[in-house]
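Below is one structure, written out as structure tokens; comments come after it.
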Amino acid sequence: MPTTNYNGKFFVVDLELYNANVLVSIEQDEEDIVVSLVEHGVIPSLESPQLKMYMEPLIGMKITNLARTVMYENGVIVIRFMHFDENDIEDMSTLVHELSHVCMYTFERIGMPHNGDTDEAYGYLIGFLTKKFFENIR
């Protein structure tokens, strides 16, 4: 199967039910992420004081860091993929790993523990996130 190159894809997944947004960056350099944050209205301008907060955990990632998921104090969650190929089993594994972080952060943010009583909600959320991820990259 051919390798897919996304060349700087950025999109926002709205988790309406949980009053949260998940920002997804695929194969963007740090400058492109900053531009995307402004273009998508996450921060008002390149001079915004929020810029440092959003970028600090994402700066300096190397290609050996496959991805990183961060939840900020304001509840926004960001996933940065250094690369992603939907035909690569390692990248698919990384996607599942990072989406599980998103689910846990979302539950933490709303005060819902992940246990046997909430397992179905966790399953629905990870399924929803997976669907939205692929809708945005295809």
Do the side chains of F128 and L17 get nearer than 4.5 Å, heavy atoms only? no
When V42, L37, I43 are each screened for side-chain contact (heavy atoms from CB on, under 4.5 Å) with Q50, the one that passes is I43
Return the orientation label for the H114 and F107 ring planes: parallel under 30°, perpendicular over 60°, tilted otherwise. perpendicular
Could you state the interatomic distance from CG (D85) to CD (E90), rounded to the nearest 0.5 Å? 11.5 Å
Quick check for you: to the nearest 0.5 Å, what is the distance between L23 atom CG and I79 atom CD1? 9.0 Å
What do the steps show when you test N74 against Y54 for side chain to side chain donor-acceptor pair (under 3.5 Å), and what is the final call? CA-CA 10 Å; N74 63 1; Y54 278 102; 2.9 Å; yes
With clusters defined by side-chain heavy atoms of hydrophobic residues (ILVMFWY) lying less than 4.5 Å apart, directly or transitively, does M71 cluster with V96? no
In L99, L129, D14, the residue satisfying side-chain contact (heavy atoms from CB on, under 4.5 Å) with V22 is L129
From CA spacing to verdict: side-chain contact (heavy atoms from CB on, under 4.5 Å), I26, F11: CA-CA 9 Å; I26 304 172; F11 56 92; 4.0 Å; yes
K9 side chain to N136 main-chain N or O, any donor-acceptor pair under 3.5 Å? yes
Quick check for you: to the nearest 0.5 Å, what is the distance between R80 atom CZ and M82 atom CE? 4.5 Å
Let me confirm one number: the CD-CZ distance from E39 to F10, rounded to the nearest 0.5 Å. 9.5 Å
If you measure only the distance, is there a donor-acceptor pair under 3.5 Å linking the side chains of D119 and Y124? no
Report, as yes or no, whether the 6.0 Å neighbourhood of atom CD on E30 holds more than 12 heavy atoms from other residues, nucleotides or ligands. yes
Please find out if less than 6.0 Å separates the ring center of F133 from that of F81. yes
Would you check if M112 and Y122 make a side-chain contact, meaning some heavy-atom pair closer than 4.5 Å? no
Look at atom CD of E135 and say whether more than 12 heavy atoms of other residues, nucleotides or ligands are closer to it than 6.0 Å. yes
Closest approach of V38 to S45 (non-hydrogen atoms, all atoms of both residues): CG2-C, 3.7 Å
Can you confirm whether the side chains of S25 and Q28 place a donor and an acceptor under 3.5 Å from each other? yes
I would like to know whether T106 and L125 meet side-chain contact (heavy atoms from CB on, under 4.5 Å); could you show each step before the answer? CA-CA 9 Å; T106 301; L125 181 55; 4.0 Å; yes
With a 4.0 Å cut-off, would you call E86 and R138 a salt bridge? yes
Can you say whether the rings of H101 and Y105 are parallel (under 30°), tilted (30 to 60°) or perpendicular (over 60°)? parallel
If you count heavy atoms of other groups shown closer than 6.0 angstrom to CD1 of I89, is the number above 12? no
Following the transitive rule for hydrophobic clusters with a side-chain heavy-atom cut-off under 4.5 Å over Ile, Leu, Val, Met, Phe, Trp and Tyr, establish whether V35 and M55 coincide in one cluster. no
CG-CG distance between L95 and L66, expressed to the nearest 0.5 angstrom: 12.0 Å
Within this structure, what is the OG1-CG distance for the pair T94 and N65, rounded to the nearest 0.5 Å? 11.0 Å
